[in-house]
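Presented below is the structure to which this report refers.
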There are 2 protein chains.
Amino acid sequence: MRVGDEENMQISEVAQKFGLTQDTLRYYEREGLIGPIAKGDNGIRNYTENDLQRIQFVKCMRAAGLEISFLKRYIQLFDEGDETIKERREILVEQRKILKKKLDDMQEAYDRLNMKIDLYDKNILDKSLM
Amino acid sequence: MRVGDEENMQISEVAQKFGLTQDTLRYYEREGLIGPIAKGDNGIRNYTENDLQRIQFVKCMRAAGLEISFLKRYIQLFDEGDETIKERREILVEQRKILKKKLDDMQEAYDRLNMKIDLYDKNILDKSLM
DNA sequence: ATATCACTTAGAGTTGACTTTAAGTCAATA
DNA sequence: TATTGACTTAAAGTCAACTCTAAGTGATAT
């Protein structure tokens with residue numbers, strides 16, 4: 001184990017923990033979604049607890065389909081401090097709206113799939129209808 | 001108006017009706033998701049009621065993020081007739097599972113956005129947390 | 001008749017989000 | 001000491017799903 005940084009993780013461990021690839025983690029950093037991650041004398045990334053929290057946030061939002069560009073903007077504002085609070089709130093509300101629409105669309109498709117499967121189970125299929 | 005086909009629609013009308021572009025409709029057809037759409041003597045597509053139902057199905061599923069390749073496969077099986085019923089049901093169940101996972105991920109992100117916005121409204125922001 | 005408009009095709013280009021490649025450093029083990 | 005493994009970089013490549021371009025046809029309006 002590396003001495004003097006028992007609490008920090010390196011990229012392979014972080015990738016493992018979140019089910020992301022190392023490439024993706026470096027890509028997110030390049031794009032300004034996380035970090036910049038501090039590096040040791042050897043040039044190797046050392047992820048802090050705070051870094052991990054941001055990655056968790058990004059992962060959750062990406063899993064929901066929020067765009068890299070939005071996350072980039074939000075995190076940028078976040079790091080700029082308190083004077084951006086109003087704008088941050090606004091873009092969160094905007095994203096929530098987009099997400100809500102997608103959730104509704106997906107729920108509709110989900111219900112439709114359920115009904116469809118139900119019809120398959122009951123052997124009552126309309127040959128003209130998908 | 002075109003004579004003898006009052007009940008059918010041409011591509012611009014269909015595009016309008018579903019909020020898709022003409023390019024997308026032709027692309028879906030090329031990929032085997034809909035049609036092949038019958039064409040008049042002039043070579044222009046004439047969408048039937050049945051075509052519209054399939055487009056509606058495809059649109060719903062695509063809005064939920066189901067892949068073109070799955071839709072292509074499903075529709076292919078559908079057109080092959082009754083001996084594919086078992087397989088069709090199986091792939092529907094598989095897609096439902098994928099969709100459920102996405103719905104859950106999105107619900108999680110949605111809840112998180114809601115909580116976040118709530119904190120912004122109450123002015124209780126933790127400076128270290130996204 | 002000439003221009004405009006809606007359509008047609010094949011094929012090339014775009015976008016977002018990774019993912020891979022090539023070439024290299026460094027530390028630990030056989 | 002040599003090789004293995006984990007890391008580093010910049011840049012090119014990939015993939016899905018469109019989206020656009022170029023070149024053309026055929027019907028209708030001026």
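Hydrogens, waters and symmetry mates play no part in the numbers below; they use all other heavy atoms, side chains included. Letters A, B, ... mirror the listed sequences (proteins, then strands); counts begin at 1.
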Next on the checklist: Under the criterion side chain to side chain contact (heavy atoms under 4.5 Å, CB included), I'd like the reasoning laid out for B:Leu113 against A:Met61: C-alpha separation, chi angles, the key distance, then a yes or no.
Outcome noted: CA-CA 9 Å; B:Leu113 278 182; A:Met61 295 301 145; 4.3 Å; yes

Item to check | Value in whole Å for how far the P atom of D:dA17 lies from CD1 of B:Ile34 | outcome: 15 Å

Checklist outcome for this item: B:Asp41 atom CG is separated from D:dA27 atom C1', nearest whole Å, by 13 Å

Checklist outcome for this item: Whole-Å distance, A:Leu71 CG to C:dG16 C1', equals 13 Å

Can I get a per-line list of side-chain donor-acceptor pairs under 3.5 Å for residues 14-23 of chain A, giving both atom names and the distance, sequence neighbours left out?
unit_1: A:Thr21; atom_1: OG1; unit_2: A:Asp23; atom_2: N; d: 3.4
unit_1: A:Thr21; atom_1: OG1; unit_2: A:Thr24; atom_2: N; d: 3.0
unit_1: A:Thr21; atom_1: OG1; unit_2: A:Thr24; atom_2: OG1; d: 2.8

Checklist outcome for this item: When rounded to whole Å, the NZ to P distance for the pair A:Lys72 and C:dG16 reads 11 Å

Checklist outcome for this item: Heavy atoms of B:Ala64 and A:Ala109 approach each other most closely as CB-CB, 3.3 Å

Checklist entry - Nearest heavy-atom pair of B:Ile37 and B:Glu29: which atoms, and what distance? => result N-OE2, 3.1 Å

Checklist entry - Who pairs with A:Arg96 by side-chain hydrogen bond (donor to acceptor under 3.5 Å, both in side chains), at least two apart in sequence or on another chain? => result B:Asn114

Checklist entry - Reading nucleotides 2-16 of chain D from the 5' end, what letters show protein touch, with B for base, S for backbone sugar-phosphate only, - for no heavy atom under 4.0 Å? => result ----SSBB-------

Next on the checklist: Does A:Phe70 reach a base, just sugar-phosphate, or nothing at all? Heavy atoms under 4.0 Å.
Outcome noted: nothing

Checklist entry - So, B:Tyr74 and B:Arg88: side-chain donor and acceptor under 3.5 Å apart, yes or no? => result no

